[in-house]
Amino acid sequence: MTIEDKILKTSLELFSKYGYSGVTTKKIATESGVNEVTIFRKFESKSKLFQEVITNFSVEGNIINKLKNDLTGIIEKDLLIFAVDFYNFLLNNQLFYKLQIKQIDEESAKFTNSLKYKNYFRDYLTEKKEKGEFTGNPEIVAVSIISIVMGIFTFKIFNKEILENLNVKDILEEEVEKIIKMYVA
């Protein structure tokens, strides 16, 4: 196991047990058997270390790799795949989501997987636009679908009553269908 792997594994255990604010880089270093300077040399900051933990230990791993395997190239199908895969990714990684919401300070990077996802989604839509298969603004549509998914997911974990009589997949299908009607050539 490399030093980076050992630090990441220890960090995961400590963040899961004590939360982001309850863990210091000194504690991570001690538990990992390394000098605290090593943590900063390898990861630069506690926030960047936390983001690496999320990237490396998220259920389904890197969402971009999952999307690459799931996408069909048919925009009508792929828009729903983008929405459903992202929702499932969030659902399977609730601990990391809650830690990011509650415990990282304002200056720290949050939701880096979501940002990578948004950029990948935007690039996909840009490619479809260049081929004449999509007429909307790729950035706006990618952010819109992500916002819908994040909103549904946030209600699901913090206020389930709002969704109690609704099926999440039905909501996603209806919203994607509206986007298809507006923007797919």
Side-chain angles (χ1 to χ4, degrees), residues 4-25 27-28 31-32 39 43-71 77-122 124 141-176 179:
E4 289 92 345
D5 290 340
K6 190 170 188 176
I7 293 168
L8 287 168
K9 185 173 186 267
T10 301
S11 298
L12 172 65
E13 292 167 4
L14 293 173
F15 288 139
S16 297
K17 186 172 183 179
Y18 301 109
Y20 181 83
S21 300
V23 177
T24 64
T25 53
K27 175 77 170 165
I28 294 167
E31 295 288 322
S32 299
I39 291 175
F43 299 98
E44 296 180 26
S45 69
K46 179 179 165 185
S47 174
K48 288 184 180 178
L49 171 58
F50 182 69
Q51 294 305 321
E52 282 297 313
V53 167
I54 291 170
T55 298
N56 284 280
F57 293 104
S58 296
V59 175
E60 298 166 353
N62 185 324
I63 189 159
I64 304 302
N65 290 336
K66 178 161 179 35
L67 282 169
K68 287 177 181 177
N69 289 327
D70 292 351
L71 294 176
K77 291 180 180 180
D78 289 349
L79 289 173
L80 185 59
I81 290 169
F82 271 106
V84 170
D85 278 5
F86 188 55
Y87 179 78
N88 288 332
F89 177 81
L90 292 171
L91 200 59
N92 291 328
N93 293 285
Q94 290 182 43
L95 171 66
F96 293 131
Y97 178 82
K98 288 177 180 178
L99 284 171
Q100 288 182 94
I101 287 285
K102 293 179 180 178
Q103 300 185 342
I104 296 182
D105 61 48
E106 292 300 317
E107 297 175 19
S108 300
K110 292 186 182 184
F111 305 110
T112 55
N113 276 339
S114 298
L115 180 59
K116 291 174 189 172
Y117 171 84
K118 188 266 306 181
N119 291 339
Y120 185 78
F121 194 2
R122 179 204 56 220
Y124 172 89
V141 173
V143 169
S144 296
I145 290 178
I146 289 168
S147 298
I148 290 166
V149 172
M150 290 286 280
I152 292 167
F153 174 73
T154 301
F155 283 137
K156 176 117 176 118
I157 64 170
F158 291 116
N159 194 349
K160 292 179 184 178
E161 295 80 29
I162 290 176
L163 300 171
E164 77 181 340
N165 295 320
L166 299 170
N167 178 304
V168 170
K169 188 156 187 210
D170 290 343
I171 298 169
L172 294 175
E173 285 175 352
E174 184 168 320
E175 294 304 315
V176 166
I179 290 169

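FYI, the numbering just counts along the sequence from 1.
- In this structure a side-chain-to-backbone donor-acceptor pair under 3.5 Å is present from Tyr20 to Ser47.
- Every residue two or more places apart in sequence or in another chain that forms a salt bridge (Lys or Arg N to Asp or Glu O under 4.0 Å) with Lys48 is listed here: Glu44.
- Asp5 pairs by the salt bridge (Lys or Arg N to Asp or Glu O under 4.0 Å) definition with nothing, not counting sequence neighbours.
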Begin with the C-alpha distance, continue with both residues' side-chain angles, and end with the deciding distance and a verdict on side chain to side chain contact (heavy atoms under 4.5 Å, CB included) for Phe15 and Lys46. CA-CA 11 Å; Phe15 288 139; Lys46 179 179 165 185; 4.1 Å; yes
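- Taken to the nearest 0.5 Å, the CD1 atom of Ile39 stands 6.5 Å off from the CG atom of Leu49.
- In this view, Ile148 and Ile152, Leu172, Glu175 satisfy the side-chain contact (heavy atoms from CB on, under 4.5 Å) rule, not counting sequence neighbours.
- Counting all heavy atoms, side chain and backbone alike, Gly19 lies closest to Val23 at O-CG2, 3.3 Å.
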Verdict with supporting geometry, Met150 and Phe86, side chain to side chain contact (heavy atoms under 4.5 Å, CB included): CA-CA 9 Å; Met150 290 286 280; Phe86 188 55; 3.9 Å; yes
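- Residue pairs meeting the side chain to side chain donor-acceptor pair (under 3.5 Å) criterion with at least one member in residues 158-171, sequence neighbours excluded, do not occur.
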Start with the C-alpha distance between Leu67 and Tyr117, add both sets of side-chain angles, then the distance that settles side chain to side chain contact (heavy atoms under 4.5 Å, CB included), and finish with yes or no. CA-CA 9 Å; Leu67 282 169; Tyr117 171 84; 3.4 Å; yes
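- Rounding to the nearest 0.5 Å gives a distance of 9.5 Å between CG of Leu90 and CD1 of Ile146.
- Residues that satisfy the side chain to side chain donor-acceptor pair (under 3.5 Å) test with Tyr124, not counting sequence neighbours, are Asp78.
- Scanning for side chain to side chain donor-acceptor pair (under 3.5 Å) contacts around Glu173 gives an empty result, with sequence neighbours left out.
- Counting only residues at least two apart or on different chains, the salt bridge (Lys or Arg N to Asp or Glu O under 4.0 Å) pairs with a member in residues 6-25 are Lys9-Glu13.
- The environment of OH in Tyr120 is crowded: more than 12 heavy-atom neighbours from other residues, nucleotides or ligands sit within 6.0 Å.
- Shown here are the side chain to side chain donor-acceptor pair (under 3.5 Å) partners of Gln94, two or more places apart in sequence or in another chain: there are none.
- Pairing each heavy atom of Ala83 with each of Val149, the nearest pair is O-CG2, 3.7 Å.
- Residues satisfying the side chain to side chain donor-acceptor pair (under 3.5 Å) test with Thr154, not counting sequence neighbours, are Tyr97.
- With sequence neighbours left out, the side-chain contact (heavy atoms from CB on, under 4.5 Å) criterion links Ser144 to Ile140.
- One finds the CD1 atom of Ile145 at 3.5 Å from the CZ atom of Phe121 (value rounded to the nearest 0.5 Å).
- For Ser147, the side-chain contact (heavy atoms from CB on, under 4.5 Å) partners at least two apart in sequence or on another chain are Val143.
- Here the closest heavy-atom approach between residue Ile162 and residue Leu166 is recorded as O-CD1, 4.2 Å.
- Rounding to the nearest 0.5 angstrom, the gap separating the CG atom in Leu14 from the OG1 atom in Thr24 is 8.5 Å.
- Below 30°, between 30° and 60°, or above 60°: for Tyr87 and Phe153 the angle between ring planes is above 60°, a perpendicular geometry.
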